[in-house]
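Take a look at the structure below.
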Amino acid sequence: MSTLLSVEDLSIDYGRRNPVHAVRNVSLSIEEDEFVGLVGESGCGKSTLGFAIARLERPPAQIVGGRIHIGGNDWMSMDAESMRKARWETVSVVLQSGMNALNPIMTIGAQFRDVMEQHGHRGRRAIEERAVEVLDLVQIRPEVLRRYPHELSGGMKQRIAIALSLVLRPKLVIMDEPTTALDMVVQRQILENLKALRHQQSFAMLFISHDLGLVLELVDRVVVMYAGEIIEEQSSRGLLKHAWHPYTRALMDSLPDPENPKGSYQGIPGSPPDLHVIPEACMYAPRCPLVQESCRTSTPSLETFQDVQSRCPVTRQEVVDGVGVRS
Amino acid sequence: MRYFVRRVIILLCTLWVAITVNFMIPRLMPGNPVETMMARFHERGSMSPSAMKAIALMLGVKHGNVFQQYWQYLGEVVHFNFGVSYTYFPYTVTYMIAHALPWTLGLVGISTLISFGLGTALGIVAAMRRGKSADGVLTTISSFTNTFPYFWLGLAAVYVLAFVLHWFPLSGAYNAAFPTGFHWSFIVSVVHHGFLPAMTIVISSIGGWLLGMRNNMINTLNEDYVLLANAKGLKSRWVAWMYVARNALLPNLTGFAMALGFVVGGSLLTEIVFSYPGIGFLLYNAVINEDYPLMQGIFLIIVVCVVLANFFADLAYVLFDPRVRRGGTS
Ligand SMILES: Nc1ncnc2c1ncn2[C@@H]1O[C@H](COP(=O)(O)OP(=O)(O)OP(=O)(O)O)[C@@H](O)[C@H]1O
Ligand SMILES: [Mg+2]
């Protein structure tokens, strides 16, 4: 396996005067065909990061530092026309609100056709065949090609959006909360679709969600963000055994217990910090049950230890000391 | 199809209400217009009572009770028979309107089309270059021309370009020296006469279309499907037209249809300022001369135009917005 996406030291601000430092010094890489999950509370910068990787950031968002390489191409310094051609063939996206992601005045078929034609595919028949093929991957009948978005249910639209994202065989698909707006049953079906997809077409995925449970079912590796930074990153298997960072632990604890699904849902007390001024301290310290004096006076760095990246020196010391390892 | 039938029913109902109101208004007004008219004839010179009676008959003095009159009136409306004009006696109201309407439709209709088309196109340009200098120039000029009072603009144009500089004629729709018809000198004279009033209409209304379209475009640019269109790596012109402009145009369609509906009614000021022989000018003369049959006929035409414009706006929606096409409400 070789590295497909590499993000180094990426920082994104909203606004110029008194900016919100929404994403700070994020480094992240995705291997070919790897599924990576990006989780964290609402407002921690997941979408901001995901859109910037696809170079879809819109004002007032702006990339203020860092590098993005995809498949060996410098994704930050391409000219407009090469960028246009590389889009969707290299990176495609699925948006949270699949309902609004389709143009209301074009048929579904036309929205498959335009992207294929403008990326050099020729022949109505061939284009339609390919559209039918990807629709089949998400169990949607070819008839929808003649329909308009308002004639379809939310679940269908979201599946169509997923099919659309695969139509040019991209190397990376970024999905931003693709199931959040849907009810539980449809959410389940789409998750099963996504799991099956990787056996049918090869692509890597960055799956953005605030639902850690969902993410753990689907992806190989989980990246946890808090207040604009990555605070933990490890394989799904590893995370299921042992979460290192206290914030990740809190996320794990707030998952519904499979043995007691009706049990009380545990939220994380406190609220995320303001991102205008970044303190010289651990961002999670005000809410952390394990907080120590040093956490409030210095910024902890992301360090790799036993194949796990974590920003918490306190829990890392626990592992070194051989205590606190959960089974 | 159900949609179409429903629209037609609504159209017929509206027309009926308009016609009925048009019937009632003169009957609710104080004074008897025919008497006023007869008095005026009387002043011009002594007339024998038998002559008076003949004129009264020609002017169509109504007989019978209100319901009989109403029934008779409906029959006349269906046959486009609105009686005889008091002012332009012995010409009928229908004749006068038929001769004024083409000028108004031509002048104000074409000006409205140009204003809408150009304003919308420039609004698209401004929105796609928002924040750049082209946008700044267009927006500033539009906000400025939008605030001109029309009357002032028209008078200034007449005074400077026609009265002082003699570049354009002061009044009329064509040069009476040429015979009417489809030949070069007549057409040139029509364009020459129509240019100034058309220009003032375009200048005073284009800013509204431009700013409205720019605003709709900027709202539409924030839609998820536009973000997705950019992610798809579509050509920017395609995105600007198929994803942004066509969606942004939909809310403006109603406004445009309404503007077309007001073409006939809204021509009053222009035609007075430029002494243009259209419906507005005719209405002005009718009001001055208390010519009730003519006024009634013109009001009816104005209302019918507005109602028809609404009807066609609804149909246009069906063409442009698939959401209305199948099972949409309203
Ligand atoms: N247009 C904007 N202007 C200013 N700040 C913004 C803007 N959009 C987002 N932000 C800020 O950027 C931060 C990250 O937002 P982002 O949408 O990336 O979060 P998220 O993790 O995707 O949240 P969610 O789970 O709700 O989608 C938030 O704190 C938010 O306040
Ligand atoms: Mg988000």
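A note on names: the letters A, B, ... follow the listed sequences, proteins ahead of strands, and every chain is numbered from 1.
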Side chains of F112(A) and V134(A): does their closest heavy-atom pair fall under 4.5 Å?
yes

Taken to the nearest 0.5 Å, the spacing of S205(B) OG from F116(B) CZ works out to 11.5 Å

Against chain B, residues from residues 47-60 of chain A with at least one heavy atom under 4.5 Å, in numeric order, are F51(A), L56(A), R58(A)

Filtered by a 4.5 Å non-hydrogen cutoff, the part of residues 168-180 of chain A contacting chain B is none

Exercise for the section: May I ask you to test the V108(B)-F262(B) pair for a side-chain heavy-atom distance under 4.5 Å? Expected result: no

Legend entry - Check: N310(B) and I10(B) side chains under 4.5 Å, non-hydrogen atoms: no

Answer key: most heavy-atom pairs under 4.5 Å with chain B among E89(A), Q111(A), K85(A) is Q111(A)

Across all chains, not counting sequence neighbours, the ring pair (Phe, Tyr, Trp, His ring centres under 6.0 Å) partners of F299(B) are none

Listed by number, the residues in residues 227-237 of chain B that come under 4.5 Å of chain A (heavy atom to heavy atom) are L227(B), L228(B), N230(B), A231(B), K232(B), G233(B), L234(B), K235(B)

The single option from Q189(A), Q158(A), Q96(A) that satisfies side-chain contact (heavy atoms from CB on, under 4.5 Å) with L182(A) is Q158(A)

Next on the checklist: Is the ring pair F144(B)/F148(B) parallel, tilted or perpendicular, if the boundaries are 30 and 60 degrees?
Outcome noted: perpendicular

4.5 Å side-chain heavy-atom contact, L28(A) and L38(A): no

Honestly, the part of E117(A) sitting under 4.5 Å from a heavy atom of chain B is neither

If you tally heavy-atom pairs under 4.5 Å between each of V94(A), D114(A), V93(A) and chain B, the highest tally belongs to D114(A)

*Beyond-backbone contact of D13(A) with V20(A), side-chain heavy atoms, under 4.5 angstrom*: no

Within the supplied structure, the quantity of interest is the number of heavy atoms (other residues, nucleotides, ligands) at a distance under 6.0 Å from E133(A) CD; does it exceed 12? yes

Worked verdict on F207(A) versus L194(A) for side chain to side chain contact (heavy atoms under 4.5 Å, CB included):
CA-CA 10 Å; F207(A) 187 89; L194(A) 290 176; 3.8 Å; yes

Exercise. Can you find a pair of side-chain heavy atoms, one from R214(B) and one from D135(B), that are under 4.5 Å apart?
Worked result: yes

Self-check item: Mutual orientation of the aromatic rings belonging to F256(B) and W209(B) [parallel < 30°, tilted 30-60°, perpendicular > 60°]
Solution: perpendicular

Is N22(B) close to V303(B) at the side-chain level, that is, under 4.5 Å between some pair of heavy atoms? no

